[in-house]
Amino acid sequence: MFYDNAFGLLRIVIVGPLIYVSLVAVLRIAGKRTLGQLNAFDYVITVALGSTLATAVLSKDVAFWEGVLGFVMLAGLQFAIAWTALRWRLVERIVKARPSVLLLDGAFDEDAMRRERVTADEIRAAVRKHGIGDLAQVAAVVLETDGRFSVVPLAQAGERTAFP
């Protein structure tokens with residue numbers, strides 16, 4: 001009930017990180033908008049912990065300590081990746097999305113839009129939601145790392161030090 005064999009624990013220690021890294025990679029490739037308002041790390045840990053909980057609770061094939069080890073391993077991976085990303089810029093660039101400027105001074109950046117799979121109509125809708133009726137009045141529309149659009153009116157752009 002609490003422990004079946006060492007192979008089950010070893011399997012979690014080996015397969016768990018591989019699955020985790022695979023899921024982060026898939027989500028990074030899929031793009032920011034796949035995540036809704038969660039960043040990739042929040043999304044992965046939420047899904048993975050929920051799945052681990054469900055499996056540990058519902059499956060007779062998963063012993064209690066295997067489920068606990070799965071939780072600890074996921075939390076440890078989350079901590080290790082966040083810690084590493086804070087210390088090494090290369091790791092941060094690999095695992096974390098960066099904001100993308102999609103419209104600058106009223107002009108669409110077609111390359112950025114194609115890369116992020118965003119249409120001009122979606123950008124116009126974001127501008128309208130901010131109560132602006134003319135793209136010429138927009139300094140920038142930025143697709144943030146959580147998938148939301150930030151609209152910066154021209155009158156509030158200032159020195160533009162907050163632009164990516």
Side-chain angles (χ1 to χ4, degrees), residues 12-56 70-164:
I12 290 172
V13 169
I14 293 170
V15 173
L18 294 173
I19 294 297
Y20 180 86
V21 169
S22 299
L23 182 55
V24 170
V26 166
L27 290 172
R28 292 287 288 125
I29 291 166
K32 290 175 234 163
R33 302 201 56 223
T34 304
L35 303 175
Q37 296 199 2
L38 296 174
N39 65 45
F41 293 110
D42 293 338
Y43 185 79
V44 167
I45 201 68
T46 300
V47 170
L49 287 172
S51 177
T52 302
L53 175 67
T55 302
F71 286 139
V72 170
M73 187 223 25
L74 288 169
L77 281 171
Q78 187 71 10
F79 176 81
I81 290 173
W83 183 87
T84 305
L86 282 173
R87 282 153 184 79
W88 287 296
R89 196 86 160 125
L90 176 65
V91 174
E92 181 184 26
R93 279 189 299 221
I94 291 170
V95 300
K96 291 187 179 178
R98 298 191 42 81
S100 300
V101 177
L102 303 174
L103 181 123
L104 187 63
D105 294 322
F108 293 110
D109 183 335
E110 298 289 339
D111 291 335
M113 291 168 56
R114 193 173 11 269
R115 190 172 49 253
E116 299 295 348
R117 295 180 302 280
V118 174
T119 67
D121 286 340
E122 291 172 301
I123 294 171
R124 286 186 191 97
V127 169
R128 288 190 305 271
K129 284 181 186 175
H130 282 81
I132 301 172
D134 184 359
L135 292 180
Q137 296 175 359
V138 178
V141 175
V142 179
L143 179 61
E144 301 293 351
T145 60
D146 63 1
R148 288 184 289 173
F149 293 104
S150 290
V151 177
V152 181
L154 195 58
Q156 297 174 345
E159 297 289 320
R160 301 175 181 222
T161 57
F163 288 16

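No hydrogens, no waters, no symmetry mates; every other heavy atom, side chains included, goes into these values.
Listed here is the closest heavy atom pair of H130 and F149: CE1-O, 4.2 Å. Scanning both residues, L104 and A140, for their nearest heavy atoms gives CD1-CB, 4.2 Å. Residues T84 and A80 come closest through the heavy atom pair OG1-O, 2.6 Å. Residues T119 and M113 approach most closely at C-CE, 3.7 Å, considering heavy atoms. The minimum heavy-atom distance between A85 and E92, with the atom names listed, is O-CB, 3.4 Å.
Applying side-chain contact (heavy atoms from CB on, under 4.5 Å) to L102 and the options D111, I123, V142 leaves one that passes, I123. Tested against V138 for a side-chain contact (heavy atoms from CB on, under 4.5 Å), the candidates D105, V151, L154 yield a single pass: V151.
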Practice problem: Give the C-alpha distance, both sets of side-chain angles, the deciding distance and a yes or no for salt bridge (charged side-chain N to carboxylate O under 4.0 Å, His left out) between D109 and R115. | Solution: CA-CA 10 Å; D109 183 335; R115 190 172 49 253; 5.4 Å; no
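Atom-to-atom distance recorded for I94:CD1 and R89:CZ is 12.5 Å, nearest 0.5 angstrom.
A search for salt bridge (Lys or Arg N to Asp or Glu O under 4.0 Å) contacts involving R87 returns nothing, not counting sequence neighbours. Judged as a side chain to side chain donor-acceptor pair (under 3.5 Å), and not counting sequence neighbours, S51 has no contacts.
A 4.5 Å side-chain heavy-atom check between P153 and Q137 finds every atom pair outside the cut-off.
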